[in-house]
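Comments concern the structure below.
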Amino acid sequence: MSITIQNISKRFGNFVALDNIKLEIPTGELVALLGPSGCGKTTLLRIIAGMETADGGEVLFSGQEATHLHARDRNVGFVFQHYALFRHMTVFENVAFGLRVKPRQERPAEAEIRKRVMDLLGLVQLDWLADRYPSQLSGGQRQRIALARALAVEPKVLLLDEPFGALDTKVRKELRRWLRRLHDEMHISSVFVTHDQEEALEVADRVVVMNHGRIEQIGSPDEVYSNPASPFVYQFLGNVNVFHSRVHGAWAEVGRGEPVAGGGGEGGETLAFVRPHEIDIERGPFAGGLEAQVQDVHPIGPVVRVELAHASELIEVELTRERADALGLAKGQHVWLKPRQVKVFAAPEYQLEDGGSGI
């Protein structure tokens with residue numbers, strides 16, 4: 001089932017949660033709504049589910065208007081962040097609940113309910129826990145049971161609100177890979193909300209980046225990461241260094257280094273964005289190099305994060321272990337930097353937010 005969002009708006013008092021949102025989700029696609037807290041992603045998900053009413057606009061399922069349908073009539077499965085399992089019911093009864101409360105004329109026979117529930121428990125690899133209670137399960141197991149319960153009613157659309165937000169890092173990684181495999185098997189139209197960039201980039205077919213109630217960019221994980229459409233997207237999807245610069249024609253001078261391709265008008269103030277892993281370090285001066293002083297060296301697993309100072313501002317560079325060992329960097333050492341890839345935006349388009357280094 002495809003989902004069409006047409007001009008959806010929503011306010012809570014003076015707060016604009018959604019501002020004229022337009023979005024098309026083709027049948028069978030797994031879409032991530034990604035953004036910081038308060039950007040409107042959960043509100044949009046709840047409007048799709050029928051749990052929240054929009055102030056304006058329409059929601060269509062496969063071209064059919066669904067804006068005013070009650071949540072129970074939308075054939076939508078919803079998975080909450082904190083599971084929302086019934087503590088007094090066994091795993092089996094939790095999954096069977098949606099089937100048992102169907103109107104009598106739609107309710108499957110008991111034998112069919114049992115078969116469907118056990119099939120779903122097998123699908124989420126937890127059929128051996130059918131007689132347990134939620135309190136006897138781990139967080140990851142509870143989340144899989146919540147997903148099985150949402151799928152039991154055979155929804156045409158699956159909606160997930162921060163489905164792995166309450167889990168530890170290791171379990172989150174395991175479950176998001178599992179969710180991707182499950183989606184590939186079932187091909188059900190799915191939308192999930194997350195503020196975890198890595199989660200969205202790893203799991204989704206397409207990523208919808210939201211900010212202040214608006215959509216900043218829609219694209220494949222590779223598109224939004226490699227070709228961010230705005231400064232916000234660039235900064236939100238991973239660490240970034242921000243260099244102040246001035247454009248001359250079609251070029252921007254970064255620090256005292258060589259000009260790099262950019263945008264903006266003649267002589268206009270610009271900001272150049274460089275990711276930490278896209279900066280080269282050399283121990284000696286070279287043409288186009290930017291001199292900086294090593295402040296700290298942090299080995300983090302397979303990478304080494306180097307903090308450097310230039311003109312009293314902080315620059316972050318990420319190196320492989322091998323490259324860091326070859327350079328032999330030490331605190332206080334002077335080195336020279338050169339970005340391999342730079343994205344330039346006109347300064348008026350951008351307001352620096354937490355998480356970027358202003359240089």
Donor-acceptor contact below 3.5 Å, side chain [X] vs main chain [Y]:
X	Y	answer
D127	M118	no
T270	F345	no
Q141	S138	yes
D55	R11	yes
D205	L30	yes
R142	P134	yes
T194	A200	no
Q217	A229	yes
R206	I218	no
H310	E291	yes

Grab the two heavy atoms, one from [X] and one from [Y], that are nearest each other, plus how far apart they are.
X	Y	answer
L99	A152	CD2-O, 3.4 Å
A54	K10	CA-CD, 4.3 Å
L308	Q295	C-CG, 4.0 Å
I113	R107	CD1-CG, 4.5 Å
V31	E29	CG2-OE1, 3.3 Å
L158	V79	CD1-CG2, 4.2 Å

Exercise for review: Could you walk me through whether L271 and Y234 pass side-chain contact (heavy atoms from CB on, under 4.5 Å), step by step?
Suggested key: CA-CA 12 Å; L271 293 164; Y234 209 115; over 6 Å; no
Hey, what do you get for [atom1] ([X]) to [atom2] ([Y]), rounding to the nearest 0.5 Å?
X	Y	atom1	atom2	value
R144	L137	CZ	CG	10.0 Å
K156	T27	NZ	OG1	10.0 Å
I21	K41	CD1	NZ	12.5 Å
D19	H212	CG	NE2	12.0 Å
R181	M186	CZ	CE	15.0 Å
E318	E278	CD	CD	10.5 Å

Taking everything shown except [X] itself, do over 12 heavy atoms lie less than 6.0 Å from its [atom1]?
X	atom1	value
E106	CD	yes
R214	CZ	no
D73	CG	yes

Exercise for review: Using the side-chain contact (heavy atoms from CB on, under 4.5 Å) rule, take L34 and F236 through it: C-alpha gap first, then chi angles, then the decisive distance, then the call.
Suggested key: CA-CA 10 Å; L34 174 67; F236 191 74; 3.6 Å; yes
Please determine if [X] and [Y] form a salt bridge, counting it only when a charged side-chain N lies under 4.0 Å from a carboxylate O.
X	Y	answer
K173	E202	no
E58	K22	no
E282	K338	no
R180	D184	yes

Check your understanding: What do the steps show when you test I8 against I48 for side-chain contact (heavy atoms from CB on, under 4.5 Å), and what is the final call?
Key -> CA-CA 10 Å; I8 288 291; I48 295 171; over 6 Å; no
Exercise for review: Would you please classify the geometry between the H277 ring and the Y225 ring as parallel, tilted or perpendicular, with 30° and 60° separating the classes?
Suggested key: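 Parallel.
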Can you confirm whether [X] sits close enough to [Y] that some side-chain heavy atom of one is under 4.5 Å from a side-chain heavy atom of the other?
X	Y	answer
L18	I47	yes
S62	S2	yes
L182	L147	yes
W178	V124	yes

Point to revise | From CA spacing to verdict: side-chain contact (heavy atoms from CB on, under 4.5 Å), L201, V224 | key: CA-CA 9 Å; L201 296 176; V224 296; 4.0 Å; yes
Review point. Within 45° of the six-membered ring axis of F86 and under 6.0 Å from that ring's centre, is NZ or CZ of R149 located there?
Key: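 Cation-pi check for R149 and F86: passes.
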